[in-house]
Amino acid sequence: MPATAGRRAVRAAGVLLALAVIVAGGFFWWAAQVMAPMPQALAAMQSGDGVAVESSRWLVFRPQAGTPRAGLVLYPGAKVDPRAYAPPARAIAAAGYVVVVVPMPLHLAVLAPARASDVQDAFPDVQRWAIGGHSLGGAMAARHAARTPLRVHGLLLWAAYPAGRDDLSAAGLASTSIFGTRDGLVSRAEIEASRAQLPAGTQWIEIEGGNHAQFGWYGQQPRDLPATISREQQQREVVTASIALLDGIAVDR
């Protein structure tokens, strides 16, 4: 190769490498901008009032007395600190269920949709499991349910729907889709389109006045619409519907 051509190739390679570094750096910067938990969420991370809380590999909420009747693996929404889901997880645990909120690589569930299997393996005393999640977390929960149908008994979608290739219409599991009428990130049309991908017996729970961010406790979210109900009211409806799904798959103790 002539010297001039060689220098050009080296410069071109250097430019491409620099661009790759810039793109990668931009992605990691974007992924690092995480929506932080509100004070109410941090308060819910303390054990007491019948619920034991552990925070090591996962965030685990379990009844302090008795054996859990079933378990729920919960995937956080994209770029949301998993502690932001502590209040609903705690409320569900108080009803007799173990709830495991799973941190994700770079806070993106799409990078590790199969982590629920590790949770199930770590709790051999829990015989029945639901998997669920908020937003992207819910989509990846649906993906995991579609890929491991024999290990999942329930699917819980919070402002979420399955990705196009994930068909659960013939899955033998209970499922509940909960969505708000003021959601600025997930449209009613998207929720309606997902009906064909979910089991015929799916429960559809519409929260009048609820938005996207109030499924967790992390404050406002870009592009979301203002809710017309309080976060507390929306959370009560989310928790009630979630417990109803777990009641349906639970083992009597």
Side-chain angles (χ1 to χ4, degrees), residues 36-77 80-104 115-134 137-138 141 151-159 173-176 178 203 205 207 210 213-219 229-253:
M38 299 169 69
Q40 295 92 329
L42 297 178
M45 289 293 300
Q46 305 301 314
S47 295
D49 296 327
V51 176
V53 182
E54 305 168 21
S55 56
S56 52
R57 185 179 181 185
W58 308 302
L59 308 184
V60 180
F61 302 78
R62 69 170 89 202
Q64 288 180 318
T67 302
R69 301 174 60 219
L72 170 64
V73 182
L74 189 66
Y75 288 175
V80 179
D81 187 307
R83 295 173 296 174
Y85 301 96
R90 185 188 186 90
I92 295 169
Y97 301 103
V98 61
V99 182
V100 184
V101 184
V102 182
M104 290 292 173
R115 283 195 170 174
S117 291
D118 294 334
V119 175
Q120 290 174 285
D121 292 341
F123 292 85
D125 59 323
V126 180
Q127 301 176 30
R128 309 274 291 179
W129 285 94
I131 182 172
H134 176 215
R151 300 198 72 188
V152 177
H153 305 94
L155 175 65
L156 186 58
L157 301 174
W158 293 357
L173 51 73
S175 65
T176 297
I178 311 171
Q203 298 296 305
I205 309 297
I207 300 180
Q214 288 189 170
F215 278 88
W217 290 77
Y218 55 87
I229 60 174
S230 69
R231 191 178 304 271
E232 291 80 3
Q233 175 61 33
Q234 183 165 340
Q235 288 277 310
R236 282 193 292 271
E237 296 188 40
V238 170
V239 167
T240 297
S242 300
I243 290 173
L245 177 125
L246 290 166
D247 286 347
I249 68 167
V251 175
D252 291 331
R253 296 290 183 183

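It should be emphasised that the depicted structure is a prediction, and the values quoted were computed from it without experimental measurement.
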Step-by-step side chain to side chain contact (heavy atoms under 4.5 Å, CB included) determination, Ile92 to Leu72: CA-CA 9 Å; Ile92 295 169; Leu72 170 64; 4.1 Å; yes
Residue pair Arg151, Asp121: steps toward the salt bridge (Lys or Arg N to Asp or Glu O under 4.0 Å) verdict: CA-CA 10 Å; Arg151 300 198 72 188; Asp121 292 341; 2.9 Å; yes
Straight-line distance of Arg115 CZ to Ser117 OG, nearest 0.5 Å: 12.0 Å
Trp58 and Val119: CA distance, side-chain angles, deciding distance, side chain to side chain contact (heavy atoms under 4.5 Å, CB included) verdict: CA-CA 9 Å; Trp58 308 302; Val119 175; 3.7 Å; yes
Donor-acceptor contact present, side-chain Gln235 to main-chain Gln214, <3.5 Å: yes
Atom pair OH (Tyr97) and OG (Ser242), whose distance is rounded to the nearest 0.5 Å: 11.0 Å
Residue pairs fulfilling side-chain hydrogen bond (donor to acceptor under 3.5 Å, both in side chains) with at least one residue in residues 80-94, sequence neighbours excluded: Asp81-Arg83, Tyr85-His134
Nearest atoms (heavy-atom pairs only) where Ala41 meets Ala86: O-CB, 3.6 Å
Test side chain to side chain contact (heavy atoms under 4.5 Å, CB included) applied to Val102 and Leu74, step by step: CA-CA 6 Å; Val102 182; Leu74 189 66; over 6 Å; no
Expected output: side-chain Ser47 to main-chain Val53 donor-acceptor under 3.5 Å: yes
Leu157 CG to Gln203 CD distance, which is reported to the nearest 0.5 Å: 12.5 Å
Shortest non-hydrogen contact between Gly219 and Met38, atoms and distance: N-SD, 3.2 Å
Any donor-acceptor N/O pair, Gln64 side chain to Gly50 backbone, under 3.5 Å: yes
Candidate list Val98, Val100, Thr67, test side chain to side chain contact (heavy atoms under 4.5 Å, CB included), partner Val126, passing option: Val98
Nearest atoms (heavy-atom pairs only) where Asp125 meets Pro68: OD2-CD, 4.4 Å
Evaluation steps, side chain to side chain contact (heavy atoms under 4.5 Å, CB included), between Tyr75 and Val101: CA-CA 6 Å; Tyr75 288 175; Val101 184; over 6 Å; no
Lys NZ or Arg CZ of Arg231 over Trp217 ring: under 6.0 Å, within 45°: yes
Set of salt bridge (charged side-chain N to carboxylate O under 4.0 Å, His left out) partners for Arg236, sequence neighbours left out: none
Closest contact, heavy atoms only, Ile178 versus Phe215: O-CZ, 3.6 Å
Which atom of Ile131 lies closest to which atom of Ala116, heavy atoms considered: CD1-CB, 3.6 Å
Beyond-backbone contact of Val238 with Trp158, side-chain heavy atoms, under 4.5 angstrom: yes
Polar side-chain atom of Arg128 near backbone of Ile249 as donor-acceptor pair, under 3.5 Å: yes
By salt bridge (charged side-chain N to carboxylate O under 4.0 Å, His left out) - contacts of Asp49 (at least two apart): none
His153 side-chain N/O to Leu173 backbone N/O, donor-acceptor pair under 3.5 Å: no
Point-to-point distance, once rounded to the nearest 0.5 Å, from OH of Tyr218 to CD of Gln40: 14.5 Å
Which atom of Ala93 lies closest to which atom of Val99, heavy atoms considered: N-CG2, 4.0 Å
From OG1 (Thr240) to CG (Leu245), nearest 0.5 Å: 13.0 Å
Point-to-point distance, once rounded to the nearest 0.5 Å, from CG of Leu246 to OG1 of Thr176: 9.0 Å
